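Just below is one structure, and these are the notes that go with it.
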Amino acid sequence: MAELQQTPASLCCCRRPLPVSGAWRLGDPPQVGPESVRRPLVDVASASNFSCFQLRHFHLDLRLNFAVKEMSGWLVLDLIPVHPGVRTLVLDSHCSLLIHSIDCKAPGSGGSGQEEPVSLTYRVDPFTDYGSSLNISLPPAAVRPGRLIQITVRYKTTEGPAIWWLDSELTCGQSRPLVFTQGHSVCNRSFFPCFDTPAVKSTYTATIRVPDGVTVLMSASRSSYSKADRVFQFSMDSPVPSYLVALVAGEMQHVDVGPRSRVWAEPCLLSCAVKKLGGSVERWLGVAEELFGPYLWGRCDIVFLPPSFPIVAMENPCLTFIIASILESSEFLLIDVIHEIAHGWFGNAVTNATWEEMWLSEGLATYAQRRITTEAYGEAFTCLETVVRLDALHRQLRLLGDNNPVSKLQIKFEPGVNPSSLMNLFTYEKGFCFVSYLSQLSGDVRRFDRFLRDFISQFQFKSVVADDLIDYFLCYFPELHDPAHREGLEFERWLNGCGPPPYEPDLSAGGALIRPVQDLCDLWTRSHAPDRSALTTFDLSAWSTFQIVLFLDRMLDHSPLPHDVMLSLSSCYSSLFDGLNAEVQIRWLQMVVRNTFHPDVPRVRAFLHKHTSRMYTVPLYEDLVAGVLKCVAVEIFYQTQRRLHPNLRRTLQQILFQTSSAAANQNSSSLPVPSPPTPPPHPTATATASAATAGTTAAIALRDINVSA
């Protein structure tokens with residue numbers, strides 16, 4: 001495997017200049033507008049025949065039964081056939097869905113304004129390990145192009161990939177059970193039968209019936225509640241793809257933190273969450289609107305979910321889902337919430353039409369997030385956060401090699417590959433670098449802000465492909481469309497080339513924050529016993545979380561370290577780290593494990609007894625198993641397993657007891673499939689270096705690349 005050159009200490013500077021040669025060729029630019037958005041002919045992740053129908057609207061009517069962990073009810077699809085001769089409707093489904101019956105009616109076709117529903121025949125066929133196809137035979141007399149038909153599917157579903165039932169002991173308050181859904185990327189086909197592709201958007205309504213004492217929230221623009229009937233009503237008035245339909249139900253309370261934002265959480269978490277966010281949400285929204293135009297979703301609420309939430313955060317419209325564990329770190333909370341706010345424009349309003357171009361959502365949202373933090377907190381803060389992420393990107397490249405296809409922005413994957421395997425650092429950070437490249441080409445960051453604002457206005461509530469963005473960019477900046485300038489545009493290399501970003505933005509504005517970090521790293525790695533007087537010039541208690549994280553990440557890159565260095569590091573910092581947040585602690589504990597530093601192993605035990613979220617447990621368990629401390633990992637697992645979600649428990653069992661077979665399965669493909677899906681990237685990405693430093697394997701599974709949604 002090819003190794004990248006070690007990242008130099010001057011990481012804060014622009015690593016590479018703008019490219020000077022390229023091979024992108026465009027003819028005359030097409031007329032760009034909403035009607036010209038290209039619909040992909042094939043989505044290999046969807047079994048549905050979505051291109052044969054226009055989905056106007058759908059309605060969910062579900063009853064939640066916590067006792068048996070079941071949702072039951074019906075789905076109504078308002079469809080308009082767009083091709084003659086269509087006799088079958090194919091929807092994405094899942095083996096956890098049990099279909100009871102399906103019927104069809106064509107409203108208004110009988111002259112009286114109503115038509116009796118016709119019972120339909122159907123069959124369920126296998127599709128992939130993450131879904132199946134629901135094939136519904138349609139009545140020929142009712143199916144005509146341009147004529148509305150209504151399909152009603154009565155079904156029930158239990159614990160599919162999208163639906164997470166938590167017993168009361170797995171919640172933060174441990175008083176009542178809770179359920180939430182997580183649809184990204186292709187999980188919602190286990191929530192309701194659907195066109196489970198980002199190419200299809202529609203409005204929806206929902207009626208959710210629950211027991212006493214349960215509050216239901218959904219990713220919807222309007223809601224109401226009938227206490228007498230214990231029924232919640234929801235309506236999403238703007239079209240969204242299926243993966244952005246989300247629900248949470250349990251003992252939830254809220255506090256308003258702005259005119260259009262409130263914080264939801266279990267009662268035991270609420271005051272902490274409100275204190276952490278304060279009035280910041282409205283401030284961030286205001287900055288984003290100044291940059292990218294009006295916020296299109298009305299509400300911008302945030303719900304904090306227990307540690308069992310499988311990812312860091314999810315940008316569900318009107319209602320961001322975020323893991324409660326992140327409340328420990330104000331800076332990481334800030335970044336994650338702003339990133340989800342940025343998705344209100346990039347990903348939710350304008351969506352990637354195919355999962356093979358997920359960077360259109362994540363790369364643009366990451367760029368937008370950093371524009372917001374630059375305006376709100378200054379360029380130095382943004383540069384520091386960016387360096388942490390780009391460090392992780394280059395760390396992954398050193399492990400995977402420059403020619404690995406997962407480093408492409410446009411990845412062509414075969415049927416059966418789960419799109420969630422594309423959620424990696426390249427989707428976010430290489431995508432960010434490409435958008436930064438476009439900004440550099442535009443000549444002025446403010447002018448590029450206006451371009452993005454107009455891009456959103458032009459394509460809002462549509463699904464797009466990369467050519468839509470590039471064509472609109474060249475139309476917006478006609479000087480670049482001139483053949484004399486196009487020779488330097490490397491769009492093809494960006495989209496389809498492997499390896500590192502051809503261009504990275506200048507991060508020298510963060511030098512005052514980054515240089516001390518590298519200086520301290522040099523002090524510790526260039527001598528076995530650093531001079532204590534030299535160390536006194538570095539006061540880590542005054543450093544930001546991102547500075548300490550960067551320091552520990554770079555020290556992890558140098559592991560294993562001599563024992564006397566670890567002894568000195570522990571003497572200097574371990575007590576300080578004990579009082580800091582989990583993002584700092586996990587990195588120090590990874591150093592403890594990878595260096596087999598026995599004096600601080602009790603701290604590892606204490607951390608894993610306290611933290612039960614995937615984002616903190618999996619990296620540490622993998623490091624423990626990769627070294628000589630597997631027995632410690634097994635002991636901790638048996639002591640804590642009752643407090644782990646069953647999905648996480650299964651993951652840790654695989655790590656602990658099926659390591660060799662799991663590694664073989666994960667490394668058998670250049671596009672490994674994570675289980676369960678983990679969309680969000682989070683900078684605990686240092687966990688991925690464990691395999692390389694321990695010498696256990698030459699490849700790495702992308703589910704281990706923890707980067708935020």
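This is a predicted model, so every value here is computed, not measured.
The closest donor-acceptor contact from the side chain of S132 to the backbone of H94 lies under 3.5 Å. Although no hydrogens or angles enter the test, the distance criterion places a donor-acceptor pair under 3.5 Å between the side chain of E331 and the main chain of F546. Panel note: side chain S544, backbone Q547; a donor-acceptor pair is recorded below 3.5 Å. Within the 3.5 Å criterion, the main-chain N or O of D237 finds a donor-acceptor partner in the side chain of S221. Proximity of a side-chain donor or acceptor of Q369 to a complementary backbone N or O of A342 within less than 3.5 Å is not detected. Looking only at distances, no side-chain donor or acceptor of R262 sits under 3.5 Å from a matching main-chain atom of D301. In this structure a side-chain-to-backbone donor-acceptor pair under 3.5 Å is present from Q585 to L580. Judged by distance alone, the side chain of S219 and the main-chain N or O of C318 form no donor-acceptor pair under 3.5 Å. Here the side chain of D256 pairs no donor or acceptor atom with the backbone of G258 at under 3.5 angstrom. With hydrogens and angles disregarded, no donor-acceptor distance shorter than 3.5 Å links the side chain of E362 to the backbone of T427.
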**Request:** Show the numbers, then the answer: is there a side chain to side chain donor-acceptor pair (under 3.5 Å) between H609 and T640?
**Result:** CA-CA 6 Å; H609 274 268; T640 61; 5.9 Å; no
**Message:** With ring-ring contact (aromatic ring centres under 6.0 Å, His included) as the criterion, how do F66 and W165 come out once you've worked through the C-alpha distance, each side chain's angles and the decisive distance to 0.1 Å?
**Reply:** CA-CA 8 Å; F66 285 84; W165 297 92; 5.3 Å; yes
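Between the CG atom of L327 and the CD1 atom of I322 there is a distance of 7.5 Å, given to the nearest 0.5 Å. Between I163 atom CD1 and F192 atom CZ the span is 10.0 Å, to the nearest 0.5 Å. Rounded to the nearest 0.5 angstrom, L60 CG and I208 CD1 are separated by 6.5 Å. Rounded to the nearest 0.5 Å, atoms CG (L652) and CD (E622) are 9.0 Å apart. Distance OH/Y155 to NE2/H100: 10.5 Å, rounded to 0.5 Å. L247 CG to T181 OG1: the interatomic distance, rounded to the nearest 0.5 Å, is 5.5 Å.
By the 4.0 Å N-to-carboxylate-O rule, R176 lies too far from E266 to be salt-bridged with it. The pair E385-R370 counts as a salt bridge, with a side-chain nitrogen and a carboxylate oxygen less than 4.0 angstrom apart. A salt bridge does not link R643 to D167: none of the charged side-chain nitrogens sits closer than 4.0 Å to a carboxylate oxygen. Remark: E282 engages R260 in a salt bridge, criterion side-chain N to carboxylate O under 4.0 Å.
Between H611 and Y616, the ring planes are perpendicular. Angles over 60° get that label, and only those under 30° would be called parallel. Below 30°, between 30° and 60°, or above 60°: for F381 and Y377 the angle between ring planes is between 30° and 60°, a tilted geometry. Between Y225 and F232, the angle of the ring planes stays under 30°, which puts this pair in the parallel group of the 30/60° scheme.
For an aromatic pair to be called close, the ring centres must be under 6.0 Å apart, and F292 with F346 satisfies this. Taking the six-membered ring for Trp and the full ring otherwise, the centers of F321 and F180 sit at least 6.0 Å from each other. Checked against a 6.0 Å centroid threshold, the rings of Y295 and W345 count as neighbours. Taking the ring centroids of Y243 and W355, they lie under the 6.0 Å cut-off.
Inter-residue side-chain proximity for L364 and F432 is flagged as unmet; no heavy-atom pair is nearer than 4.5 Å. Between M615 and V312, some side-chain heavy-atom pair lies under the 4.5 Å cut-off. Contact annotation: the side chain of E251 never approaches that of L178 to less than 4.5 Å [non-hydrogen atoms, C-beta and beyond]. At a threshold of 4.5 Å between non-hydrogen side-chain atoms, the residues I323 and L305 do not count as touching. Two residues are said to be in side-chain contact when any heavy atoms from C-beta on lie closer than 4.5 Å; R209 and L62 fail this criterion. When side chains are defined from C-beta on, L648 counts as touching V618, because their heavy atoms get closer than 4.5 Å.
Atom CD of Q174 has more than 12 neighbouring heavy atoms from other residues, nucleotides or ligands inside a 6.0 Å radius.
In summary, the side chains of H57 and T203 do present a donor paired with an acceptor at a separation below 3.5 Å, with no hydrogens or angles considered. Residues D196 and S242 bring a donor and an acceptor atom of their side chains to less than 3.5 Å of each other. With 3.5 Å as the limit, one finds no donor-acceptor pair spanning the side chains of W359 and N352. A donor-acceptor pair shorter than 3.5 Å cannot be found between the side chains of S168 and S175. Defined by atom type and a distance below 3.5 Å, a donor-acceptor pair is missing between the side-chain atoms of S96 and T158.
In terms of the salt bridge (Lys or Arg N to Asp or Glu O under 4.0 Å) criterion, residue partners of K610 (sequence neighbours excluded) are, by chain and number, E328. Every salt bridge (Lys or Arg N to Asp or Glu O under 4.0 Å) that K156 has, sequence neighbours left out, goes to E70.
Figure legend: cation-pi geometry between R614 and Y621 absent, as NZ or CZ is not positioned both under 6.0 Å from the six-membered ring centre and within 45° of its axis.
For P259 against R299, the heavy-atom pair with the smallest separation is O-NH1, 3.7 Å.
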